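What follows is a set of notes on a single structure, which appears directly below.
Since this is a predicted model, take the numbers as computed values, not measurements.
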Amino acid sequence: MTLMVTLQIQNLNLSFGERDILSDVSFTLDGHSRAALAGANGCGKTTLLKVVTGQIAADSMTLSKTKGICISYLPQSDIVLPDKTVYDIAEEGYERFRLLHEEAERLRGELDEANYEAKLGRVNEIEEKLEEVAYERRRGRIEQILQGLGFHRGDFTRPAREFSGGYQMRIALSRILVEDPDILLLDEPTNYLDIEAIVWLKAYLKAFDGGLMLVSHDVDFLDDTVDTVYELFKGRLTRYSGNYTSYLRQREAQIEELKRRWEAQQDEIEKTERFIERFRYKATKARQVQSRVTALEKMERIEIPEHLRKLSFSFPPAPHSGNDVLIVEHLAKAYGEHVIFRDLSFIVRKGERLAIAGRNGTGKSTLLRLMAGVDADHGGTIRDGAGLRRGYYAQESEKTLDPANTVLQEVESIADTRDIPRLRKLLGSFLFQGDDVDKRVSVLSGGEKSRLALLKILLHPANLLLLDEPTNHLDINAKDMLLEAVKAYDGTVVFVSHDTHFIKNLATRILYLSDDDQPVFFEGDYDYFEYKLEEKEKAYISKAEPGRREAKVSATAIDHRAQKERRNLAQKLKKEADATLATVASLEDRIRDIDSQMALPEVYSDGARISTLVKDKESLEAQVEELNEKWFELSTQLEELGDD
């Protein structure tokens, strides 16, 4: 891959009707960029990525990019895959290299025709590129990427249409990673990944040898993969150096200053409005009233970015429960011949925060449904502890909402009478403010529906919360609000999540479910769990590919970056060595030409001319000696790299 690639966007403007979506946006990505694109839901992040990739036309912009640059984009939804197998779709990532391979084959057949040297040079150039991307060894790399994203070898030959929407997104992601682009644009890539695939993808992106811009609501994922944050607010883009946590720290100071200015402006607005209301109908004050009305209309209102507003709410106090909240004994569950659990036993203790992790399809949501009592079709027993009162949030909880209700009507329908006075305040904590409470459920976004469904669960006191992917569709600020509330909750929590930040900051114990091993408990410390998970992934790849030489790079990272850098350096050194030898040959030809001239009678009898030729020859010989030393050093470096 050529690292000296550049994508530059300047003065990008885009409006939908009278609304400015993007205003004078400028930024640059190169082969070393590691950037996050931050901003509230609906602020235009996805639109910006689509403009960059040409899927949406800007009203105006200046775009500059390196010739031949490859830019790959993974949207967060609306993926349409061809009617092919999983492996064949992933292999499409090599399409541009397949075309190069065909070009080289065609040129080889034309070498006996005109332009021999030009064609041979092009063939050599293509061969170097194909070797750099391991084209002839592509199958191994494709299989590693597919396995890293959670596919078994038996899945490779299955048609993509047989997989769920989430796994189709993974197939699309595998194709993009296989493509190995110069610039990679990812919009919420972790939305449909389980924690194992997220751990793998994070390591892959850290090793990725190209530029990266991504949108994500996983703080840990961002912190581990980016060193720059671009914030999109009110259509304008601002750059911050550092990872996402660093960006939040920088913005916190700015937000405090913004709050002070906002409060001062609100006081000014209130005083002005009181004056207008008081003297609106007094003729003697008409000019002053109109002046203040005009001032209010022209005033540029200060706004605090929604994705950075500090939100808070708290759970109702948990009713008293016994120390053993829930007892699971010899649990067995199967769907036909597909066994989920054979003999699972454990106890959920009071105050515990138990995270359930594992690849998709290993039974995480099933276990939560069984613990919630929603599914009673199982073997073994699940016994309630003393005084148990459950609160259960399922992934599909938003489907329980009535689309015809307003937001306020939806919570009023299940609230106790004593809760009615505080409903608006609670809705405000969940970002339903002002007129938002009168919106119909049918027009809410996925994130808004998730927040509303979660609020409904919280309206009733419980001492055991069972939460299945509660952070899905929530932005980072809403996730932090939920995290702080759950941490402060005095009851017991069992939750399924693929958000590493959420698990790391909440779990006191982790239950890891696997489709080929017995369930395993990890006590506390997410970092230790992640380390063990990486070790398991390495073993998984080794077991899945018996007889193959162990890869130089771990299966969790597929760190071909070091190998590519070595190949790139070797190719650079070889080209430089070859060029040095060619220069030496040219200089030696010139020396031989001088010797021929000096042998001529008319020359050696001319003292002045001989003196000039001798000096020229000495200069050329000194250059040859210097270049020979350079060639020797280059050859030594090539030998150290193991180049043939």
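- To the nearest 0.5 angstrom, L388 atom CG is 12.0 Å from K350 atom NZ.
- When all heavy atoms are compared, the tightest approach of P181 to C70 is CB-O, 3.5 Å.
- Salt-bridge formation is not detected for the pair R175/E179: no Lys NZ or Arg NE/NH1/NH2 atom is positioned less than 4.0 Å from an Asp or Glu carboxylate oxygen.
- Taking 4.5 Å as the limit, some side-chain heavy atom of I503 sits within range of a side-chain heavy atom of F495.
- Side chains of Q250 and S246: a donor on one and an acceptor on the other come within 3.5 Å.
- Remark: the backbone N or O of S321 is not paired with any side-chain donor or acceptor of R389 at under 3.5 angstrom.
- Classification of K364 and E469 as a salt-bridged pair fails, no side-chain N sitting under 4.0 Å from a carboxylate O.
- The pair E252-R249 does not count as a salt bridge, with every side-chain nitrogen at least 4.0 angstrom from each carboxylate oxygen.
- Under the 4.5 Å side-chain criterion, counting only non-hydrogen atoms from C-beta, L48 is in contact with F27.
- The number of heavy-atom neighbours closer than 6.0 Å to CZ of R274, taken from other residues, nucleotides and ligands shown, is above 12.
- A distance of 13.5 Å separates CG of L201 from CD of E196, quoted to the nearest 0.5 Å.
- Taking 4.5 Å as the limit, some side-chain heavy atom of I356 sits within range of a side-chain heavy atom of L368.
- In terms of heavy-atom proximity, L482 sits nearest to P470 at CD2-CB, 3.8 Å.
- Classification of R260 and E257 as a salt-bridged pair holds, one side-chain N sitting under 4.0 Å from a carboxylate O.
- The local environment of CG in D435 is sparse, with at most 12 non-hydrogen atoms from other residues, nucleotides or ligands closer than 6.0 Å.
- A donor-acceptor distance shorter than 3.5 angstrom exists from the side chain of N13 to the backbone of D24, with no hydrogens or angles considered.
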Between L193 and H498, is a side chain to side chain contact (heavy atoms under 4.5 Å, CB included) present by the stated rule, with each step listed? CA-CA 7 Å; L193 302 183; H498 66 256; 5.9 Å; no

Check against salt bridge (Lys or Arg N to Asp or Glu O under 4.0 Å), R239 and E231: CA-CA 6 Å; R239 183 183 185 276; E231 180 194 66; over 6 Å; no

Pair R292, T294 - check side-chain hydrogen bond (donor to acceptor under 3.5 Å, both in side chains), show working. CA-CA 5 Å; R292 284 165 171 76; T294 302; over 6 Å; no

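- S15 and D20 share a donor-acceptor pair across their side chains, judged by distance under 3.5 Å alone.
- When every heavy atom of Y73 is checked against every heavy atom of Q55, the shortest pair comes out as CD2-NE2, 3.1 Å.
- In this structure the side chain of L184 reaches within 4.5 angstrom of the side chain of L205, judged on heavy atoms.
- Counted within 6.0 Å of CZ on F16, heavy atoms from surrounding residues, nucleotides or ligands total more than 12; the atom is thus considered enclosed.
- Under the side chain to side chain contact (heavy atoms under 4.5 Å, CB included) rule, I183 has a single partner from T66, T6, L29, which is L29.
- Residues I510 and A357 approach most closely at CG2-CB, 4.2 Å, considering heavy atoms.
- Between the CD atom in Q76 and the OG1 atom in T190 there is a gap of 10.5 Å [rounded to 0.5 Å].
- Residues satisfying the side-chain hydrogen bond (donor to acceptor under 3.5 Å, both in side chains) test with K504, not counting sequence neighbours, are D220.
- The distance from the CG atom of L12 to the CG atom of L14 is 7.0 Å, given to the nearest 0.5 Å.
- Without hydrogens or angle criteria, N405 side chain to V441 main chain gives no donor-acceptor distance under 3.5 Å.
- Cation-pi check for R170 over Y167 is met; the charged atom lies under 6.0 angstrom from the ring centroid and within 45 degrees of its normal.
- At distances below 3.5 Å, not a single donor-acceptor pair connects side-chain atoms of Q290 with backbone N or O atoms of R287.
- Residues K479 and H217 approach most closely at NZ-O, 2.8 Å, considering heavy atoms.
- Using a 4.0 Å cut-off between charged nitrogen and carboxylate oxygen, D224 and K206 do not count as a salt-bridge pair.
- Counted by atom type alone, T62 and N11 present zero donor-acceptor pairs between their side chains at under 3.5 Å.
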For L408 and R424, run side chain to side chain contact (heavy atoms under 4.5 Å, CB included): C-alpha distance rounded to whole Å, both residues' side-chain angles, the deciding distance at 0.1 Å, then the answer. CA-CA 8 Å; L408 183 58; R424 286 183 178 271; 3.6 Å; yes

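- Using modelled atom types, no side-chain atom of D468 and backbone atom of S365 make a donor-acceptor pair closer than 3.5 Å.
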Could you check L49 against V51 for side chain to side chain contact (heavy atoms under 4.5 Å, CB included), going step by step and ending with a plain yes or no? CA-CA 5 Å; L49 294 180; V51 170; over 6 Å; no

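- Put simply, the side chain of D490 never gets that close to the backbone of P317: no donor and acceptor are under 3.5 Å apart.
- S216 and F221 make their closest contact through OG-CD2, 4.0 Å (heavy atoms, listed as atom of the first residue, atom of the second, distance).
- F432 carries R451 over the face of its six-membered ring, with the cationic atom under 6.0 Å from the centre and within 45° of the normal.
- Annotation: side chain of T225 is not in contact with side chain of R34 (no heavy-atom distance under 4.5 Å).
- Two residues are said to be in side-chain contact when any heavy atoms from C-beta on lie closer than 4.5 Å; I276 and L296 meet this criterion.
- Counted within 6.0 Å of NZ on K50, heavy atoms from surrounding residues, nucleotides or ligands total 12 or fewer; the atom is thus considered open.
- Using a 4.5 Å heavy-atom cutoff, the side chains of H501 and L483 are in contact.
- T238 places none of its side-chain heavy atoms less than 4.5 Å from the side chain of Y230.
- Without hydrogens or angle criteria, D227 side chain to N243 main chain gives no donor-acceptor distance under 3.5 Å.
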Run the salt bridge (Lys or Arg N to Asp or Glu O under 4.0 Å) test on R349 and E352 for me, step by step, so that the C-alpha distance in whole Å, both residues' side-chain angles and the decisive distance to 0.1 Å come before the verdict. CA-CA 6 Å; R349 308 289 184 183; E352 187 171 45; over 6 Å; no

Show, in sequence, the C-alpha distance, side-chain angles and deciding distance for I171 and F163, and conclude whether the side chain to side chain contact (heavy atoms under 4.5 Å, CB included) test is met. CA-CA 9 Å; I171 297 169; F163 290 85; 4.3 Å; yes

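- Using modelled atom types and a 3.5 Å distance limit, the side chains of D218 and T500 yield a donor-acceptor pair.
- For the atom pair CG of D194 and CG of N360, the computed distance is 4.5 Å after rounding to the nearest 0.5 Å.
- Remark: the backbone N or O of V407 is not paired with any side-chain donor or acceptor of E412 at under 3.5 angstrom.
- The closest donor-acceptor contact from the side chain of R353 to the backbone of G351 lies under 3.5 Å.
- Remark: side-chain polar atoms of K45 are not paired, donor with acceptor, to backbone N or O of A38 under 3.5 angstrom.
- Taken to the nearest 0.5 Å, the CG atom of L186 stands 6.5 Å off from the CG atom of L173.
- Donor-acceptor pairing under 3.5 Å is lacking for the side chains of T406 and D438.
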